[in-house]
*Asks:* 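Supplied in structure tokens, the structure appears directly below.
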Amino acid sequence: MNMSEQTEKIIDESRQGEALMVDQAETAGKRKMFLESYGCQMNFADSEIVASILTGQGYTTTSDISEADVIFVNTCAIRDNAEQRVRKRLNEFNQVKKKNPDLVIGVLGCMAERLKAKLLEEEKLVDIVVGPDAYRDLPVLIKTAEDGQKAINVILSKEETYADISPVRLGGNGITAFVSITRGCDNMCSFCVVPFTRGRERSRDPETIINEVRQLYSDGFREVTLLGQNVDSYLYAGGGLKKEIYSREELDSAVNFAQLLERVATEVPGIRIRFSTSHPKDMTDEVLHTMARHKNICKYIHLPVQSGNSDLLEKMNRGYTREWYLNRISAIRRIIPECGISTDIIAGFCSETEDQHAETISLMDEVKYDFAYMFKYSERPKTLAERKYADDVPEDVKGRRLTEIIDLQNRLSLESNKKDVGKVHEVLVEGPSKRSDEHLSGRTTQNKVIVFPKENYKPGDLVDVHVYDCTQATLLGNATGYSAGFKN
Ligand code: SAH
Ligand code: SF4
Ligand code: F3S
């Protein structure tokens with residue numbers, strides 16, 4: 001089956017036999033899409049699904065807005081500033097549309113799901129609004145927009161995982177790729193908009209995950225990141241929602257995250273495996289032991305803590321305490337001593353006191369994170385926190401606390417990197433370094449970026465690199481030869 005037949009079939013199925021409304025001959029080979037993505041890795045992975053669906057309809061991608069027939073922005077709604085950035089871009093795209101009135105502008109992803117028809121009605125900046133579970137409908141929606149009508153599909157699904165769609169890899173390095181393993185989230189952290197924009201949690205069929213990873217390997221890729229909002233809650237027993245559909249027999253034969261990791265690591269032994277995001281309440285020792293057993297599973301865990309104070313964690317509805325979190329950190333250190341650890345932190349959540357903030361600082365100091373993503377709390381409409389708690393930490397206090405958190409993390413990152421000076425690390429080469437074509441850049445198993453002189457090495461090589469110096473963000477080294485590679 002070629003790509004276009006495959007897409008046609010997919011669309012046919014999604015519309016349950018309804019005739020395919022887009023005339024492929026009309027669009028074939030001449031339509032250009034400009035696709036821009038914001039937000040998390042899952043959004044970037046989704047854009048590759050969108051590109052696959054539209055490529056099957058005869059579209060090609062372009063990086064030049066002026067030659068585009070359609071512009072899609074895949075959006076994020078996690079914080080207010082993420083949405084403001086998208087609004088600014090939409091205004092810019094509308095300037096382009098003034099010169100080219102046939103241009104179709106579409107909003108995809110989480111902001112589309114959050115604002116729904118409001119984006120069409122109030123702002124008049126867009127022609128198409130499509131939520132994260134409705135991408136199979138895109139060809140029909142484009143046609144509707146081209147006929148002069150506003151087009152919208154923001155229906156969230158309990159089954160959609162796009163499991164059968166082969167993503168078109170966009171703008172990557174040809175070495176590392178994202179593979180979605182779950183969609184949606186059932187957790188309802190009180191600050192978070194994701195359950196409203198992405199819907200219920202669903203796990204993808206493991207066979208399709210392994211096939212995709214295998215295909216990536218034969219296409220020359222050497223690393224995959226398995227993606228989900230909470231990978232540890234991955235559980236596949238025939239599809240659908242986790243808690244509602246599975247019978248006892250199904251649950252007995254279900255595949256959990258540790259088992260999925262084990263299968264990917266053994267069935268595609270030449271590829272390096274990462275995953276994100278781990279959730280402290282669900283991360284099991286079984287996962288840690290699986291990581292420890294396989295050399296091709298990277299020794300790196302992103303374990304968002306959000307706050308170091310147990311009362312605030314409860315208010316955030318995170319499902320763990322400070323002590324539980326520190327116990328998970330001890331388990332990582334015990335089972336995988338060389339593991340890299342990073343986190344997410346929110347400064348100034350509702351009612352956060354100076355003492356509670358100080359507990360976040362002391363937890364960071366205790367864990368000694370290698371890296372962190374740090375944010376000021378941004379109230380999101382409809383969330384539990386918006387409905388129940390006042391966003392009462394003044395903006396300047398949020399800013400000051402965030403600065404303290406960032407300053408500490410900068411010191412911790414530098415300390416962590418300094419410990420690597422003098423060591424030899426196995427590095428997967430990703431491409432030329434940002435600053436010089438004479439240097440290559442890659443990552444250690446702990447996810448640290450390392451730069452070294454190119455010599456005869458090339459992207460995709462596994463190279464042993466001796467670290468001689470570092471900055472807070474990067475290790476600097478010299479290659480000592482090809483690495484022996486993975487031996488499971
Ligand atoms: N599923 C992941 C997180 C996804 S969102 C997890 O549970 O860890 C990525 C990060 O954005 C979160 O970890 C949190 O630190 C931050 N974030 C989410 N909502 C936010 C909000 N309303 N304000 C500020 N930061 C927020
Ligand atoms: Fe949001 Fe919590 Fe789900 Fe992460 S686990 S996506 S923070 S609700
Ligand atoms: Fe943003 Fe949606 Fe991801 S809100 S962080 S793009 S799941």
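Just follow the structure's listing: the first ligand is 1, and inside any ligand the first atom is 1. Not measured: the values here are computed from a predicted model.
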*Asks:* What atoms of ligand 1 come within less than 4.0 Å of a heavy atom belonging to Pro304?
*Replies:*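 Those of ligand 1 that fall under 4.0 Å from Pro304 are 8 (O).
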
*Asks:* Going by atom types alone, do Asn173 and Thr176 pair a side-chain donor with an acceptor below 3.5 Å?
*Replies:*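 Present: a donor and an acceptor within the cut-off.
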
*Asks:* Indicate yes or no: does Arg183 engage Glu160 in a salt bridge with an N to O separation below 4.0 Å.
*Replies:* no

*Asks:* Give the C-alpha distance, both sets of side-chain angles, the deciding distance and a yes or no for salt bridge (charged side-chain N to carboxylate O under 4.0 Å, His left out) between Arg200 and Asp133.
*Replies:* CA-CA 11 Å; Arg200 300 292 304 272; Asp133 286 346; over 6 Å; no

*Asks:* Quick check: does Ser378 get an N/O under 3.5 Å from an N/O on ligand 1?
*Replies:*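 Yes, since at least one N or O of Ser378 sits under 3.5 Å from an N or O of ligand 1.
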
*Asks:* For ligand 1, which atoms have a heavy atom of Tyr377 less than 4.0 angstrom away?
*Replies:* 22 (N), 23 (N), 24 (C)

*Asks:* Between His302 and Phe371, is the ring centroid distance below 6.0 Å?
*Replies:* no

*Asks:* Which residue owns the protein heavy atom closest to atom 9 (C) of ligand 1, what's the atom, and how far is it?
*Replies:* Asp344 OD2, 3.7 Å

*Asks:* For ligand 2, what are the residues with a heavy-atom contact below 4.0 Å?
*Replies:* Cys185, Asn187, Met188, Cys189, Phe191, Cys192, Val194, Pro195, Gln229, His279, Arg318

*Asks:* Indicate whether any N or O donor in one side chain lies under 3.5 Å from an N or O acceptor in the other, for His279 and Gln229.
*Replies:* no

*Asks:* With atom 1 (Fe) of ligand 3 as the centre, enumerate protein N/O/S atoms below 2.8 Å in chain and residue order.
*Replies:*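 Hits for atom 1 (Fe) of ligand 3 below 2.8 Å: Cys76 SG.
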
*Asks:* Looking only at the side chains, is there a donor atom on one of Lys315 and Ser190 sitting less than 3.5 Å from an acceptor on the other?
*Replies:* no

*Asks:* Contact between Pro280 and Tyr320 at the side-chain level, heavy atoms closer than 4.5 Å - yes or no?
*Replies:*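 Yes, their side chains come closer than 4.5 Å.
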
*Asks:* Below 3.5 angstrom, do we get any N/O pair linking Thr277 and ligand 1?
*Replies:*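 No, Thr277 has no N/O under 3.5 Å of an N/O on ligand 1.
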
*Asks:* For Asp370, enumerate each residue passing the salt bridge (Lys or Arg N to Asp or Glu O under 4.0 Å) test, keeping only those at least two apart in sequence or located in another chain.
*Replies:* none

*Asks:* Please identify which atoms of ligand 1 are closer than 4.0 Å to at least one heavy atom of Arg380.
*Replies:*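 Counting from 1, the qualifying ligand atoms are 22 (N).
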
*Asks:* Are the side chains of Ile105 and Asn94 in touch, meaning some heavy atoms are under 4.5 Å apart?
*Replies:* yes

*Asks:* For Ser52 and Glu48, test the side chains for any donor-to-acceptor distance below 3.5 angstrom and give the result as yes or no.
*Replies:*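 Distance-only check fails for Ser52 and Glu48.
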
*Asks:* Regarding Arg204 and Thr208, do their side chains bring together a donor and an acceptor under 3.5 Å, going by distance alone?
*Replies:* yes

*Asks:* Using the six-membered ring wherever Trp is involved, compare the ring planes of Tyr135 and Tyr162 and label them parallel, tilted or perpendicular (cut-offs 30° and 60°).
*Replies:*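 Rings of Tyr135 and Tyr162: parallel, under 30°.
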
*Asks:* Taking heavy atoms and a distance under 4.0 Å, where does Phe375 meet ligand 1: side chain, backbone, both or neither?
*Replies:* side chain

*Asks:* May I ask which of Arg79, His302, Arg318 has a heavy atom nearer to atom 7 (O) of ligand 1 than the others do?
*Replies:* Arg318

*Asks:* Give the residue and atom name of whichever protein heavy atom lies nearest to atom 14 (C) of ligand 1, and the separation in Å to one decimal.
*Replies:*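 The closest one turns out to be Gln306 OE1, 3.3 Å.
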
*Asks:* List for me each residue that meets salt bridge (Lys or Arg N to Asp or Glu O under 4.0 Å) alongside Lys388, sequence neighbours excluded, and say none if there are none.
*Replies:* none

*Asks:* Just so I know, are the side chains of Arg198 and Asn43 near enough to count as touching, which here means a heavy-atom distance under 4.5 Å?
*Replies:*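 They are in contact (side-chain heavy atoms under 4.5 Å apart), so the answer is yes.
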
*Asks:* At a 4.0 Å threshold, what atoms of ligand 1 neighbour a non-hydrogen atom of Lys376?
*Replies:*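 Those of ligand 1 that fall under 4.0 Å from Lys376 are 23 (N), 24 (C).
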
*Asks:* Can you tell me if Ile78 contacts ligand 1 (heavy atom of the residue under 4.0 Å from the ligand)?
*Replies:* yes

*Asks:* Does one side chain, of Thr343 or Tyr373, offer a donor that lies under 3.5 Å from an acceptor on the other?
*Replies:*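 On atom types as modelled, these side chains do not qualify, holding no pair under 3.5 Å.
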
*Asks:* Looking only at protein heavy atoms, identify the closest one to atom 3 (C) of ligand 1 and say how far it is in Å.
*Replies:*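 Of the protein heavy atoms, Gln229 OE1, 4.0 Å lies nearest.
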
*Asks:* List every atom of ligand 3 that sits less than 4.0 Å from any heavy atom of Gln229, numbering the atoms from 1 in the order shown and giving each element.
*Replies:* 7 (S)

*Asks:* Would you say CD of Glu415 has more than 12 non-hydrogen atoms from neighbouring residues, nucleotides or ligands within 6.0 angstrom?
*Replies:* yes

*Asks:* With heavy atoms under 4.0 Å as the rule, classify the contact between Ile346 and ligand 1 as side chain, backbone, both or neither.
*Replies:*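 Ile346 to ligand 1: side-chain contact only, backbone stays beyond 4.0 Å.
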
